[in-house]
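Take a look at the structure below.
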Amino acid sequence: MDPTGHGRGRVAVGVNLLWLRAGRVGGTEDYAVRLLSAVPPDAPVRLTLFALGGFAKAHPSLAERHEVVTPRAAGLRPLRVLAEHTWLAAQCRRRGLDAVHHFGGTVPLVGAGPFVVTIHDLQPLEHPQRFSLLKRLYLRAMLPWSVRRAEAIVTVSEFCRRRLVERLGADPRRVAVVPAPVEAPSAVPDTPLGAVAPDVAGPFVLYPAVAYPHKNHEILLRALARLAADGVDVSLVSSGGPGPRDAELDRMAIELGVADRWHRLGRIPRAVLDGLYRHAVATVFPSTYEGYGLPVVEAMARGCPVVAADAGALPEVVGMAGRLVDPGDPGLWAAAIAELAGDADARARLRDAGARRVGELAGLDPGSELCDLYLRVAGR
């Protein structure tokens, strides 16, 4: 392997994934993996992935296609940040890379460009109370610096593009919207619902999201309590890795009298999640702030009706293919869920609309767009 990365005349690009703890960072990991996987095999670029130990095992298809370089010790967050500002710069210089893409939202203070940076959203600046003091201070300094320093900024939606221009003064000509590729459903046969969630009896709605504050799970629990009071038989199934509000939500379900209708499954295999999409009355997504919202696209691609918050990038992503609901009104969520639970025709209409929307999104080619961006930044 040519260590300089210039074999066969391709543009050599380093990809900084040192922020990515496999299986721990949710949607940003899904986005990075899907987008890098969508780079065509015959593209005129050669990628070197700088990642933590465990990345290659978690994502073997990427490791087979691209060189993965791992620092010896960067397990704790301070060490990962230090590696970005020291070890990564040295590795990039040694390989003589034509460009470096920082997928984690910030450009290190040290290192030779040209740089591309992916910024998923500006939630740390717009809702700082949701983050630790140290993280707020770090990102308050590093996000504006990164916008100024990068030759190109990648983001995931027009909503995020507008916020970057309005909040940080980014040059709109340097901000490219590159959404996540649409992923086909798993070819593995559906797992029977009883094998996945044996306590779920009857119809249910699905919320695939880690319990972070902005994911707004509590509005669904309040809606669930209203539905129970009205005699509507429906449960709420939530999936995703451990979240900071898990225990609080469990207590809230007990206090509202809906603990028997609240099913928190934790992290589940992709094939199992695909089966839940297909069994669910609807996917409900009341998040108050999303830069994109991959799960709503996944749901539509798997024939599951979508009810989403009328907030952030969700209206842009869903379009006319789902119900948009005020994220702060449990009564409206209860009404939307009740309607879909009791009306097969309404569910069918949303499934058809979702299929059309997915067709529009699938017509995009984010992997090729990313390669074209690399070529422009490298001056080719």
Side-chain angles (χ1 to χ4, degrees), residues 26-41 43 61-62 101 103 118-121 152-164 172 175-187 206-209 215 239-240 270-271 273-278 280 282-287 289-325 340 347-374:
T28 53
E29 178 178 0
D30 288 343
Y31 172 79
V33 171
R34 291 188 193 187
L35 186 53
L36 292 171
S37 298
V39 171
S61 61
L62 281 176
H101 186 172
F103 261 83
T118 292
I119 300 177
H120 290 88
D121 59 54
I153 303 160
V154 172
T155 194
V156 293
S157 64
E158 286 295 339
F159 164 77
C160 291
R161 183 177 183 273
R162 288 194 302 271
R163 298 308 298 139
L164 284 163
V175 184
V177 175
V178 184
V182 175
E183 186 179 66
S186 168
L206 173 66
Y207 190 18
K215 295 300 185 180
S239 67
R270 172 61 59 180
L273 179 58
D274 282 356
L276 289 174
Y277 280 127
R278 296 187 182 102
T283 291
V284 286
F285 211 85
S287 175
Y289 193 105
E290 290 293 317
Y292 188 74
L294 274 175
V296 299
V297 179
E298 290 180 345
M300 292 187 291
R302 288 148 180 82
C304 187
V306 167
V307 183
D310 189 9
L314 291 170
E316 172 188 339
V317 175
V318 173
M320 302 298 291
R323 302 285 172 81
L324 297 175
V325 179
L340 290 176
R347 295 196 299 272
R349 288 193 294 272
L350 283 187
R351 278 196 294 269
D352 291 343
R356 291 192 293 272
R357 179 59 177 149
V358 168
E360 295 169 358
L361 296 172
L364 305 175
D365 190 358
S368 295
E369 290 180 34
L370 183 66
C371 291
D372 291 343
L373 180 65
Y374 289 157

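Residues take their numbers from the sequence shown, with the count starting at 1. This structure is a prediction, so every number in the text was calculated from the model and none was measured.
In terms of the salt bridge (charged side-chain N to carboxylate O under 4.0 Å, His left out) criterion, Glu316 has no residue partners (sequence neighbours excluded). Legend: residues meeting ring-ring contact (aromatic ring centres under 6.0 Å, His included) with Tyr207, ordered by chain and number and at least two apart, are His217, Phe285. Applying the salt bridge (charged side-chain N to carboxylate O under 4.0 Å, His left out) rule to Arg347 yields no partners; only residues at least two apart in sequence or on another chain are considered. Taking Tyr277 as the reference, nothing meets the ring-ring contact (aromatic ring centres under 6.0 Å, His included) condition, with sequence neighbours excluded. Qualifying side-chain contact (heavy atoms from CB on, under 4.5 Å) partners for Pro315, counting only residues two or more places apart in sequence or in other chains: Asp310, Leu324.
Pairs passing the salt bridge (Lys or Arg N to Asp or Glu O under 4.0 Å) check and including a residue from residues 356-371, sequence neighbours excluded, read Arg357-Glu360.
Side-chain atoms of Pro179 and Leu361, non-hydrogen and from C-beta on, never get closer than 4.5 Å to each other. Val296 places none of its side-chain heavy atoms less than 4.5 Å from the side chain of Glu290. Val177 places none of its side-chain heavy atoms less than 4.5 Å from the side chain of Tyr292. Between Val39 and Cys371 the shortest side-chain heavy-atom distance falls below 4.5 Å. Between Leu206 and Leu273, the closest side-chain pair of non-hydrogen atoms falls below 4.5 Å. Considering only heavy atoms from C-beta on, Arg163 stays 4.5 Å or farther from Thr155 through its side chain. Using a 4.5 Å heavy-atom cutoff, the side chains of Cys160 and His120 are not in contact.
In plain terms, the two heavy atoms of Arg34 and Pro181 that are nearest each other are O-CG, 3.6 Å. The minimum heavy-atom distance between Ala308 and Val318, with the atom names listed, is CB-CG2, 4.1 Å. Here the closest non-hydrogen pair linking Val156 and Gly291 is CG2-O, 3.3 Å. Taking each heavy atom of Ala282 and Cys304 in turn, the nearest pair found is C-SG, 3.6 Å. When all heavy atoms of Val297 and Val317 are compared, the closest pair comes out as CG2-CG1, 3.5 Å. A pairwise comparison of heavy atoms in Val182 and Ala362 identifies CG2-N, 3.8 Å as the closest pair.
Annotation: the span from Arg302 atom CZ to Leu276 atom CG amounts to 11.5 Å, rounded to 0.5 Å. The OH atom of Tyr289 sits 11.5 Å away from the CG atom of Leu314 when rounded to the nearest 0.5 Å. The CD1 atom of Ile153 sits 6.0 Å away from atom CG of Leu164, with the distance rounded to the nearest 0.5 Å. To the nearest 0.5 Å, the span separating CD on Glu298 from CG on Asp274 amounts to 7.5 Å.
A tilted orientation is assigned to the rings of Tyr31 and Phe103, their planes being inclined by 30° to 60°.
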